[in-house]
Amino acid sequence: MKVAATATNGLLHLSPNQRTWRRFKTNKRGYYSLVIFSLLLVLSLFAEVLSNDKPLMISYKGELFFPVFVAYPETAFGGDFETEADYNDNYIRKIISENGWLLNTLNAHSYNSINYDSAEPNPAAPSTQNLLGTDDRGRDVLARLIYGFRLSVLFAFALTLIGIVIGILAGAVQGYFGGRIDLYSQRFIEVWGSMPELYLLIIFSSIFQPGVLILIILLSLFGWMGLSDYVRAEFLKGRNMEYIKAARALGLSNVQIMWRHLLPNSLTPVITFLPFRISGSILALTSLDFLGLGVPPSTPSLGELLSQGKENISAWWLSLSTFIVLVGTLMLLIFIGEAIREALDTRKNA
């Protein structure tokens, strides 16, 4: 009994955020999923250092070179041309080895480098040269997975952030002011939400050149509506509470009341659905790339690898490796979302 009382008293001295973090850490599956996902994200941010066809460091005739960060001409290493050196060229590698040494990255391939020395036709099976094989153009699958994972996650972060900002603004204005503003806004959302999003993407992809920025803009036009409903409900519930009436009586403006008092109490659904919105954004980009409506073909993408796997059924390494990365990422995000939802439930004790 004394031990339980001491633990309870210790929790009472914690701030609400600290108690929420305690509850989150008790969910081991969600906590370790957050650790693994954060580690993978940090590693992917340094993809150029982990997987690159340019060496990390070169020592040539006593002088140090860093090709990953600086482009050096071939003449800097005794070559004949002023263009950037091709470090996969056996002639260049031989000259450097005779006059110094090279320090390669962990995976000596970039997302767009082609293995011209492969003994098998492309797509080539996994080998010591390409640990996860090559795609139908001879590009390293492992490198494209690393760069594609980074692109998908950063794209999802950007799309989610824009959707959250627009969704909070729209929901806050509807919920706080109500009346005709809320009525007209709801009718607009109903009409806008009924528009065929996929057909619009097909039309715009035929007008504009496909790219990450165009996709973010187009998907952001529809990605805010689901979140605005939750924020609107929280503002509708809180706008007539006593502390809001007291704030109005003290002379606070509508913006101050919305920012200082209503918004902090309305962030629970925003935070709860954050991992699920990120996973949905990753899946949206992958689906569009799979259909050929996403990023350009030269861009490393998980959906593009899945499309290659569909076109090359015998090349099992294309579909299997991409499937593991995609499903593993989505599972980590779902576990994180479930843990956040339980942590924000104040009825549960740490």
Hydrophobic cluster mates of Leu50, side-chain heavy atoms under 4.5 angstrom, ILVMFWY only, any path?
Leu39, Leu43, Leu106
On a heavy-atom basis, which atom in Ile340 and which in Thr272 lie closest, and how many Å separate them?
CG2-CA, 4.1 Å
Has Tyr31 got more than 12 heavy atoms of other residues, nucleotides or ligands less than 6.0 Å from its OH?
no
Where Leu132 and Ser321 come nearest, the two heavy atoms and their spacing
CD1-CB, 4.3 Å
Asn130 side, atom CG; Asp135 side, atom CG - distance, nearest 0.5 Å
9.5 Å
Run Asn115 and Asp140 through side chain to side chain donor-acceptor pair (under 3.5 Å) and show every step you take.
CA-CA 8 Å; Asn115 185 4; Asp140 186 69; over 6 Å; no
Qualifying ring-ring contact (aromatic ring centres under 6.0 Å, His included) pairs, either residue in residues 100-158, two or more places apart:
Tyr111-Tyr147
Take Asn122 and Thr134, measure what side chain to side chain donor-acceptor pair (under 3.5 Å) needs, and give me the verdict at the end.
CA-CA 7 Å; Asn122 295 318; Thr134 63; 3.2 Å; yes
Report the relative orientation of the aromatic rings in Tyr243 and His261; use parallel for angles under 30°, tilted for 30 to 60°, perpendicular for over 60°.
perpendicular
Using a cut-off of 6.0 Å, state whether more than 12 heavy atoms not belonging to Tyr32 lie near its atom OH.
no
What are the two closest heavy atoms between Arg150 and Ser44, and how far apart are they?
CD-O, 3.0 Å
For the residue pair Gly309 and Ser319, what are the closest heavy atoms and their distance?
CA-OG, 3.2 Å
Keeping to residues at least two apart or across chains, list the salt bridge (charged side-chain N to carboxylate O under 4.0 Å, His left out) pairs with something in residues 277-295.
none
Residues in side chain to side chain donor-acceptor pair (under 3.5 Å) with Arg180, at least two apart?
none
Partner residues of Glu190 under the salt bridge (charged side-chain N to carboxylate O under 4.0 Å, His left out) criterion, sequence neighbours left out
Arg187
Measure from the side-chain N and O atoms of Trp224 to the backbone N and O of Leu221, and report whether any donor-acceptor pair falls under 3.5 Å.
yes
With rounding to the nearest 0.5 Å, note down the distance linking NZ in Lys61 to CG in Asn99.
5.0 Å
What are the two closest heavy atoms between Ile257 and Arg248, and how far apart are they?
CD1-CG, 3.5 Å
Distance (rounded to the nearest 0.5 Å) between Leu102 CG and Ser59 OG
9.5 Å
Report yes if the side chains of Phe66 and Ile58 come closer than 4.5 Å at any heavy-atom pair, otherwise no.
no
Test side chain to side chain donor-acceptor pair (under 3.5 Å) applied to Arg137 - qualifying residues, sequence neighbours left out:
none
Pairs satisfying salt bridge (charged side-chain N to carboxylate O under 4.0 Å, His left out), at least one member in residues 28-39, at least two apart
Arg29-Glu338
Supply the atom-to-atom distance Asp86 CG to Ile92 CD1, rounded to the nearest 0.5 angstrom.
8.0 Å
Roughly how far, to the nearest 0.5 Å, is the OG atom of Ser51 from the CG atom of Asn107?
3.5 Å
Does Ser253 have any side chain to side chain donor-acceptor pair (under 3.5 Å) partners at least two apart in sequence or in another chain, and if so, which?
Gln256
Sorted by first residue and then second, give each salt bridge (charged side-chain N to carboxylate O under 4.0 Å, His left out) pair with at least one member in residues 93-108; sequence neighbours left out.
none
What pairs meet the salt bridge (charged side-chain N to carboxylate O under 4.0 Å, His left out) rule with one or both residues in residues 304-313, with sequence neighbours excluded?
Arg139-Glu304, Arg144-Glu304
Taking C-beta and beyond as the side chain, do Tyr230 and Val270 meet within less than 4.5 Å on heavy atoms?
no
Main-chain N/O of Glu48 paired with Asn52 side-chain donor or acceptor, under 3.5 Å
yes
Atom pair CG/CG of Leu215 and Leu159 - distance to nearest 0.5 Å:
9.5 Å
Closest approach of Pro67 and Tyr87, non-hydrogen atoms and distance?
CB-OH, 3.5 Å
Under the 4.5 Å side-chain heavy-atom rule for ILVMFWY, direct or indirect, which residues accompany Phe335?
Phe323, Val327, Met331
Residue list, salt bridge (charged side-chain N to carboxylate O under 4.0 Å, His left out) with Lys237, at least two apart or on another chain
Glu234
Are any non-hydrogen side-chain atoms of Ile282 and Leu326 less than 4.5 angstrom apart?
yes
Is there side-chain contact between Thr20 and Phe24, with heavy atoms separated by less than 4.5 Å?
no
Is there a ring-ring contact (aromatic ring centres under 6.0 Å, His included) between Phe65 and Phe77 once you walk through the steps?
CA-CA 10 Å; Phe65 298 86; Phe77 307 106; 4.9 Å; yes
So with a 6.0 Å cut-off around OH of Tyr176, is the heavy-atom count from everything else above 12?
yes
Do Thr75 and Glu82 have side-chain heavy atoms sitting under 4.5 Å apart?
yes
